Structures are given as C-alpha cells and as structure tokens.
Amino acid sequence: MSLAFSSDAEAKIRKYLDDYYNTQAALLPVLYVAQDEFGHLSGEVMDLVAERLGLSRMHVQSVATFYTMYHKGPVGKYNIQVCRTLSCAMNGAYNLIEHIGGKLSIQPGETTKDGKFTLTPVECLALCGSAPVMMINKDVHENLTAEKIDAILDGLPD
C-alpha cells in the first residue's frame with residue numbers, strides 16, 4: 001500500500017481509538033481524519049482505514065458510502081451541500097440548487113472547471129426548523145434565499 005497517514009493524522013486516530021470502546025465505533029471519526037488527510041475516500045484510502053482499524057474493506061466501504069458527508073471522489077475547494085429533504089424541499093431547496101448551479105455553471109454533483117466549487121445535494125442536515133439550509137465545507141448557512149446564497153458565495157476567499 002503506497003498511502004500512509006501523517007504523524008498528525010495518526011495521533012488523531014490513536015486518540016479516537018482511546019476514546020471509543022472499539023474500532024467499529026471509531027470508524028466515523030477516523031473516516032473524517034482520512035478525508036481531511038487525502039481530500040476524499042478513494043478505494044486506496046478506504047483500504048488504508050480498514051487496515052489501520054483491523055476492519056474489512058467491505059465494512060469500511062459500506063459505512064463510507066452510506067453517509068453523504070464522506071466524499072468518494074475529489075471535490076472543489078468549497079463543497080456546497082444543499083439539503084433537499086422534506087422541510088428544505090418545501091421551503092425552496094430545489095430552486096436554490098438550480099440557482100447555485102446556474103450561478104456557477106454546473107449541475108448537481110459537478111465541480112467548476114477551476115476546482116473552486118462542488119455542488120452536492122444531500123439528505124437532511126438536521127436543521128429543519130431553519131430550512132432551507134446548506135453547508136459549505138463545515139460552515140452551516142440557514143434560512144436561505146437566492147440573495148443570501150449569492151452574498152455567501154461572493155464573499156468566499158479565492
């Protein structure tokens with residue numbers, strides 16, 4: 001295997017393994033460490049996680065592919081995740097996804113040619129009371145309108 005965790009990532013993994021009662025319980029945060037380290041969870045990265053935790057690749061892959069917060073392919077510098085579950089959908093999420101796609105000249109699931117933005121519709125960001133919502137990387141934005149989205153996107157640094 002050609003990949004290896006950095007010493008910083010390995011320290012985080014050891015801490016999670018100390019904090020959780022077994023390696024399966026530590027899998028979700030360790031997947032975040034791997035994603036932060038390598039940018040996304042390729043097959044090779046999932047193999048590394050499986051080997052490091054002593055879990056089967058199938059188990060790691062089934063968990064990583066179940067959750068939308070784990071990227072299975074490269075994403076832009078800013079991953080725009082727009083909730084499209086019931087509360088958000090009823091408050092205009094699909095129109096906002098279309099608005100963002102038009103503004104950035106991409107379709108859902110695509111990344112801009114410059115690699116700056118990826119548009120990712122997701123299921124439930126658990127903020128139904130302030131729908132519609134989106135996350136840009138790890139920052140949450142609530143009660144969205146097209147105007148608010150334009151201001152947020154225009155304010156992001158290059």
Side-chain angles (χ1 to χ4, degrees), residues 1-91 93-94 96-97 100-101 106-112 115-144 148-149 152-153 156-157:
M1 187 172 294
S2 62
L3 289 182
F5 287 112
S6 68
S7 58
D8 287 344
E10 187 57 43
K12 290 175 186 175
I13 292 169
R14 280 194 304 276
K15 175 149 179 25
Y16 287 130
L17 291 173
D18 289 343
D19 290 347
Y20 287 85
Y21 64 94
N22 67 28
T23 56
Q24 285 189 354
L27 178 56
L28 294 177
V30 171
L31 286 171
Y32 270 126
V33 171
Q35 181 168 276
D36 288 345
E37 179 92 347
F38 300 106
H40 67 280
L41 301 178
S42 66
E44 191 175 18
V45 171
M46 286 189 259
D47 286 345
L48 178 64
V49 170
E51 181 180 303
R52 176 61 184 86
L53 297 182
L55 300 171
S56 72
R57 181 180 196 279
M58 181 64 71
H59 180 73
V60 171
Q61 184 177 7
S62 68
V63 170
T65 58
F66 177 80
Y67 293 102
T68 59
M69 70 265 206
Y70 298 118
H71 315 305
K72 276 56 87 184
V75 295
K77 178 179 180 181
Y78 298 107
N79 186 28
I80 304 165
Q81 298 178 73
V82 181
C83 178
R84 62 180 177 193
T85 308
L86 185 61
S87 295
C88 288
M90 291 181 66
N91 285 290
Y94 283 93
L96 295 177
I97 292 169
I100 295 167
I106 57 174
Q107 295 296 312
E110 293 181 345
T111 300
T112 55
K116 188 172 179 182
F117 297 102
T118 299
L119 176 56
T120 309
V122 297
E123 301 304 323
C124 198
L125 292 174
L127 294 162
C128 300
S130 54
V133 298
M134 72 177 177
M135 283 180 56
I136 300 179
N137 298 341
K138 295 179 182 175
D139 295 325
V140 175
H141 303 276
E142 304 170 80
N143 299 304
L144 294 170
K148 284 184 182 180
I149 288 172
I152 292 165
L153 296 180
L156 293 171

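Everything numeric in this text was worked out from a predicted model, so none of it was measured.
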For residues 52-65, run the donor-acceptor check on the side chains, cut-off 3.5 Å, and write out each pair with its distance to 0.1 Å, sequence neighbours left out.
| from | atom 1 | to | atom 2 | distance (Å) |
| --- | --- | --- | --- | --- |
| Arg52 | NE | Glu10 | OE1 | 3.3 |
| Arg52 | NE | Glu10 | OE2 | 2.8 |
| Arg52 | NH2 | Glu10 | OE2 | 2.6 |
| Ser56 | OG | His59 | N | 3.0 |
| Arg57 | NE | Asp47 | OD1 | 2.3 |
| Arg57 | NH1 | Gln61 | OE1 | 2.9 |
| Arg57 | NH2 | Gly43 | O | 3.4 |
| Ser62 | OG | Met58 | O | 3.3 |
| Ser62 | OG | His59 | O | 2.8 |
| Thr65 | OG1 | Gln61 | O | 2.8 |
| Thr65 | OG1 | Ser62 | O | 3.4 |

- Item | By side-chain contact (heavy atoms from CB on, under 4.5 Å) - contacts of Met69 (at least two apart) |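 If we apply the side-chain contact (heavy atoms from CB on, under 4.5 Å) test to Met69, skipping adjacent residues, the hits are Tyr32, Tyr67.
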- Message: Using the side-chain contact (heavy atoms from CB on, under 4.5 Å) criterion, which residues pair with Pro108? Sequence neighbours excluded.
- Response: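 Pro108 satisfies side-chain contact (heavy atoms from CB on, under 4.5 Å) with Ile97, Leu119, Pro121 only.
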Roughly how far, to the nearest 0.5 Å, is [atom2] of [Y] from [atom1] of [X]?
{"X": "Thr85", "Y": "Leu125", "atom1": "OG1", "atom2": "CG", "answer": "7.5 Å"}
{"X": "Thr112", "Y": "Ile80", "atom1": "OG1", "atom2": "CD1", "answer": "8.5 Å"}
{"X": "Lys15", "Y": "Asp18", "atom1": "NZ", "atom2": "CG", "answer": "7.5 Å"}
{"X": "Phe38", "Y": "Leu3", "atom1": "CZ", "atom2": "CG", "answer": "5.0 Å"}
{"X": "Leu41", "Y": "Tyr70", "atom1": "CG", "atom2": "OH", "answer": "8.0 Å"}
{"X": "Ile149", "Y": "Ile100", "atom1": "CD1", "atom2": "CD1", "answer": "4.0 Å"}

- Taking all heavy atoms of Arg84 and all of Tyr94, pick out the closest pair and write down the distance.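 Nearest heavy atoms, Arg84 then Tyr94: CD-OH, 3.6 Å.
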- Message: Measuring only between side-chain heavy atoms, which start at C-beta, is Tyr16 closer than 4.5 Å to Leu28?
- Response: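 No, side chains not in contact.
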- Min side-chain heavy-atom separation Thr23-Leu17 under 4.5 Å: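 In short, these two side chains touch, coming nearer than 4.5 Å.
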- Item | N/O donor-acceptor pair under 3.5 Å between Thr118 side chain and Val75 backbone |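 No, the answer is negative, given that no donor and acceptor are paired below the 3.5 Å cut-off.
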- Item | Leu27 backbone acceptor or donor facing Tyr20 side chain under 3.5 Å |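 It does not hold such a pair.
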- Task: Determine, stepwise, if the pair Ile152 / Leu144 fulfils side chain to side chain contact (heavy atoms under 4.5 Å, CB included).
- Result: CA-CA 10 Å; Ile152 292 165; Leu144 294 170; 4.0 Å; yes
- Item | Pairing residues for Lys116 by the salt bridge (charged side-chain N to carboxylate O under 4.0 Å, His left out) criterion, not counting sequence neighbours |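 Asp158.
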- In chain order, what residues pass the side-chain hydrogen bond (donor to acceptor under 3.5 Å, both in side chains) check against Gln81, with sequence neighbours excluded?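 By the side-chain hydrogen bond (donor to acceptor under 3.5 Å, both in side chains) rule, Gln81 matches no residue at all.
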Validation: residues 131-142 side-chain donor-acceptor distances under 3.5 Å, sequence neighbours left out:
| from | atom 1 | to | atom 2 | distance (Å) |
| --- | --- | --- | --- | --- |
| Asn137 | OD1 | Asn79 | N | 2.9 |
| Asn137 | ND2 | Lys77 | O | 3.1 |
| Glu142 | OE1 | Ser130 | OG | 2.4 |

